K.L.:
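The structure is given below, and queries will be raised subsequently.
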Amino acid sequence: MTEMPADLHVHSTFSDGTDSPEEIVELASKIKLKTFALTDHDTVDGIDAAQKRGAELMVEVIPGIEFTCEVPRAEVHILGYFIDHKSPELAPVLTKIQTDRVARIYKIVEKLNKLGVGISADDVFAISGKKAPGRPHVARALIKKGFVSGFKEAFDRFLEFNGPAYVGHYKLTPAEAIKLIRQVNGVASYAHPAISNRDNLIPGMAAEGLRGIEAYYPGYESQFTEHYVTLARKYGLLTTGGTDYHGKDSGREMTLGDITVTDELVEKLRNEHLRGN
Ligand code: AMP
Ligand code: FE
Ligand code: FE
Ligand code: ZN
């Protein structure tokens, strides 16, 4: 780890993570992680609580978000850093996405029921609450009810993109997400690009105002990182990174702070934000 590292990809209970914002800050403090970005899926509702606890424990919480976007046949996730999370321009869009995320749970459950899997929407909401439910909450309900043995089986058999119980929800296009992030003074980065496998989108997104590529990410072979560092250089983008931490009980091996970027990179992102990119 660098001297004062930062983990720039973290989820809390406000989306599909299993640690509360306060618990994440406390863990960061314990492992001496000075900075992290809270990047919940399509919501900023955990940021105030994280920053409040962060101020007490001297952990900097960068206000962030991860937008779920879609292009034909693939999901593309766009991270926003240093966003003005209280901006009135943000709230209506996020409310629209989250309202449709709730409606979608009923549709996923209907598909599961037709496949002979007897769970109810309330089984899912009991785990997620009704604000920002997602597929991992459905997976946890399936595990709890004994229909699958774990996350992998839940996604492989039912929930993966275009799987038998997959249902989409209202999403921004990558261009819309980048535009909105810029409107609220944020800095946009292309999350886990190897998962989407749409490198051809990078030049267009850079033209729309994308400022970074997430080149450091769990499971990336060094060739992936090298590949994205090279592409970032080619298009004049910064290289961001983080663990995509989803909490102690998320069933993922990667823990907070296992992948970090330097202070220098954080300062570059901050400068882009201050400059109004
Ligand atoms: P959603 O935003 O509701 O469509 O759910 C997407 C989230 O599901 C991602 O952000 C991950 O947290 C999780 N996810 C997606 N694919 C998998 C997988 N194969 N195994 C476990 N979790 C996954
Ligand atoms: Fe997630
Ligand atoms: Fe993601
Ligand atoms: Zn994520």
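Residue numbers run from 1 in the order of the sequence given. Remember, predicted model here, so these are calculated numbers, not experimental data.
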K.L.:
Under 6.0 Å from the CZ atom of Phe224, do we count more than 12 heavy atoms belonging to anything else shown?
P.N.:
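No.
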K.L.:
Are there over 12 heavy-atom neighbours, none belonging to Glu253, within less than 6.0 Å of that residue's CD?
P.N.:
no
K.L.:
Give, for atom CG of Leu94 and atom CZ of Phe67, the distance between the pair rounded to the nearest 0.5 Å.
P.N.:
5.0 Å
K.L.:
Does atom NZ (Lys131) have a neighbourhood of more than 12 heavy atoms from anything else shown, all under 6.0 Å?
P.N.:
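Not more than 12 within 6.0 Å, no.
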K.L.:
Hey, could you give me the NE2/CG distance between His246 and Asp16, rounded to the nearest 0.5 Å?
P.N.:
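Going from the NE2 atom of His246 to the CG atom of Asp16 covers 3.5 Å.
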K.L.:
So Asp199 and Tyr228, side chain to side chain donor-acceptor pair (under 3.5 Å) or not? Walk me through it.
P.N.:
CA-CA 9 Å; Asp199 290 358; Tyr228 288 112; 2.8 Å; yes
K.L.:
Salt-bridged, Asp249 to Arg140, with N to O below 4.0 Å?
P.N.:
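No, this pair does not count.
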K.L.:
For the CD atom on Glu267, are there more than 12 heavy atoms of other groups (residues, nucleotides or ligands in this structure) within a distance under 6.0 Å?
P.N.:
yes
K.L.:
Roughly how far, to the nearest 0.5 Å, is CG of Leu142 from CZ of Arg157?
P.N.:
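Those atoms lie 9.0 Å apart.
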K.L.:
How long is the straight-line distance from CD1 of Ile213 back to OG1 of Thr225, given to the nearest 0.5 Å?
P.N.:
11.5 Å
K.L.:
Please determine whether a side-chain nitrogen of the Lys or Arg among Glu272 and Arg275 lies less than 4.0 Å from a carboxylate oxygen of the Asp or Glu.
P.N.:
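Salt bridge present between Glu272 and Arg275.
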K.L.:
Can Glu110 and Lys107 be counted as an ion pair, charged N to O under 4.0 angstrom?
P.N.:
no
K.L.:
Tell me, yes or no, whether the heavy-atom count around Arg270 atom CZ, taken from other residues, nucleotides or ligands under 6.0 Å, exceeds 12.
P.N.:
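Yes - once you tally the heavy atoms of other residues, nucleotides and ligands closer than 6.0 Å, there are more than 12.
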K.L.:
Using 4.0 Å as the upper bound for N to carboxylate O, is an ion pair formed by Glu75 and Arg135?
P.N.:
yes
